[in-house]
2 protein chains.
Amino acid sequence: MSIDEAWDILLKYDYKRTRNREILLQFFDQADRYVTAMEVRVAVEQDNPGISFDTIYRNLAMFSKLGILDETELNGERLFRMQCATDHHHHHFICTTCGGTKSIPICPMDSVTVNLSDYEIEGHKFEIYGRCPSCIAG
Amino acid sequence: MSIDEAWDILLKYDYKRTRNREILLQFFDQADRYVTAMEVRVAVEQDNPGISFDTIYRNLAMFSKLGILDETELNGERLFRMQCATDHHHHHFICTTCGGTKSIPICPMDSVTVNLSDYEIEGHKFEIYGRCPSCIAG
DNA sequence: TAAAGTAATCGGAATGATTCCGAATTAAAG
DNA sequence: CTTTAATTCGGAATCATTCCGATTACTTTA
């Protein structure tokens with residue numbers, strides 16, 4: 001997702017165009033990988049020293065709820081990244097060293113043959129973890 | 001996994017047979033679903049009022065590392081359950097209301113056709129979330 | 001079955017991430 | 001330019017989890 005697309009969503013829901021949100025979106029746009037809240041904080045403080053935790057966390061949660069960010073959890077750490085372009089549903093390999101991802105075009109839900117007809121399905125998660133080529137090399 | 005199998009593992013690694021571990025294992029054995037650390041605490045305090053958080057968390061982490069417990073995360077909460085019998089690798093539907101599970105016999109890794117040969121795969125996660133029939137009923 | 005040695009536990013303090021809150025600031029609309 | 005409401009700030013509060021030193025309880029060995 002581009003910064004512009006993110007703003008389309010934010011403005012549609014009457015969120016204001018603020019400097020902090022601009023900084024956050026720009027950071028996620030260029031990061032292009034999963035980052036921890038701590039990494040976000042450190043990076044964002046370059047552009048706005050004195051930004052409060054509250055502002056960071058409040059916006060991260062809101063972005064995540066609106067589908068602008070994608071949120072996951074790895075080894076007890078919350079990770080965020082810009083949502084992929086939403087052309088089709090897919091999953092990811094996630095590098096446990098750098099947070100980089102690689103798309104996995106299949107969705108296991110297509111192959112689930114177990115009868116879950118009496119169940120109400122709310123969601124699913126499929127992720128592959130490991131180290132990417134450049135982290136192995138480096 | 002049965003309580004006896006859990007003890008086989010613990011004793012093999014020279015962990016001692018203590019009352020608290022016995023209580024913890026019995027609780028997980030009869031719970032047979034994903035429970036939060038808080039639920040563990042409340043339940044275990046019935047049998048040993050005054051058990052310390054430290055003891056609970058230390059043993060949960062150790063059980064999890066040894067493969068006696070299975071650990072996951074849902075909506076920011078850590079969940080634990082007794083590891084399934086290890087006859088074959090599989091995944092789960094998890095009820096977000098009661099923590100109950102249903103086995104999903106397939107593993108999406110079998111169908112992953114993306115070339116990850118330059119990647120070092122450390123693990124994967126596949127879970128389906130929703131509500132089970134008895135929680136839907138009420 | 002007593003003693004010794006070491007692991008495990010306890011209780012409470014410390015930590016660390018996240019959230020809350022009231023006051024001040026800022027964006028957007030009129 | 002004013003107004004209004006959203007947003008942010010700063011710091012305190014919360015919550016789960018972990019740490020720590022002192023005590024207790026296993027297990028082994030004699």
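Letters go in sequence order (proteins before strands), and every chain restarts at 1. Note: hydrogens, waters and symmetry copies are ignored here, and every other heavy atom, side chains too, is used.
- Scored by the side chain to side chain contact (heavy atoms under 4.5 Å, CB included) test, B:Met38 finds B:Thr36, B:Arg41, B:Val42 as partners (sequence neighbours excluded).
- Residue B:Arg78 is classed as a sugar-phosphate contact, given heavy-atom separations below 4.0 Å to backbone atoms only.
- Computed from coordinates, the B:Ile56 CD1 to C:dG12 P distance equals 15 Å when rounded to whole Å.
- In this structure, B:Ile23 places its CD1 atom 10 Å from P of C:dT9, rounding to the nearest Å.
- Between A:Asn59 and D:dT7 there is no side-chain polar atom (N or O) within less than 4.0 angstrom of OP1 or OP2.
- Residues A:Tyr15 and A:Arg21 come closest through the heavy atom pair CB-NH1, 3.8 Å.
- One finds a salt bridge joining A:Arg33 and A:Glu39 here, because a Lys/Arg side-chain nitrogen approaches an Asp/Glu carboxylate oxygen to under 4.0 Å.
- Rounding to whole angstrom units, CD of residue A:Glu77 and C1' of C:dT18 are separated by 14 Å.
- Following rounding to the nearest Å, A:Phe53 (CZ) and D:dC15 (P) show an atom-to-atom distance of 19 Å.
- Closest non-hydrogen pair, A:Val114 versus B:Ile104, comes out as CG2-CA, 4.0 Å.
- When rounded to the nearest whole Å, the span between CZ of B:Arg21 and P of C:dC10 equals 11 Å.
- Atom CZ in A:Arg58 sits roughly 11 Å away from atom P in C:dT19 (whole-Å rounding).
- Not one side-chain nitrogen or oxygen of A:Asn20 sits closer than 4.0 Å to the OP1 or OP2 atom of C:dT26.
- Other residues, nucleotides and ligands contribute more than 12 heavy atoms inside 6.0 Å of the CG atom of A:Asp110.
- For the residue pair B:Ser64 and B:Glu71, the shortest heavy atom distance occurs at OG-OE1, 2.8 Å.
- In this structure, B:Tyr57 atom OH and D:dC15 atom C1' are separated by 9 Å, rounded to whole Å.
- For A:Met62 and D:dT7, the CE to C1' distance is 10 Å, given to the nearest whole Å.
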In 5'-to-3' order, the base (B), backbone-only (S) or no-contact (-) status of each nucleotide in nucleotides 25-30 of chain D, using a 4.0 angstrom heavy-atom cut-off, is -BS---

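- Distances shorter than 4.0 Å separate none of the side-chain N or O atoms of B:Ser52 from OP1 or OP2 on C:dT9.
- Nearest-nucleotide assignment on DNA chain D puts the 5′-proximal partner with A:Pro49, out of A:Pro49 and B:Ala37.
- Proximity of B:Asn48 to the phosphate of C:dT9: no side-chain N or O atom is located under 4.0 Å from OP1 or OP2.
- For residues 62-117 of chain B, every residue pair satisfying the ring pair (Phe, Tyr, Trp, His ring centres under 6.0 Å) rule, not counting sequence neighbours, is listed here: A:Tyr119-B:Phe93, B:His88-B:His90, B:His89-B:His91, B:His89-B:His124, B:His90-B:His92, B:His91-B:His124, B:His91-B:Phe126.
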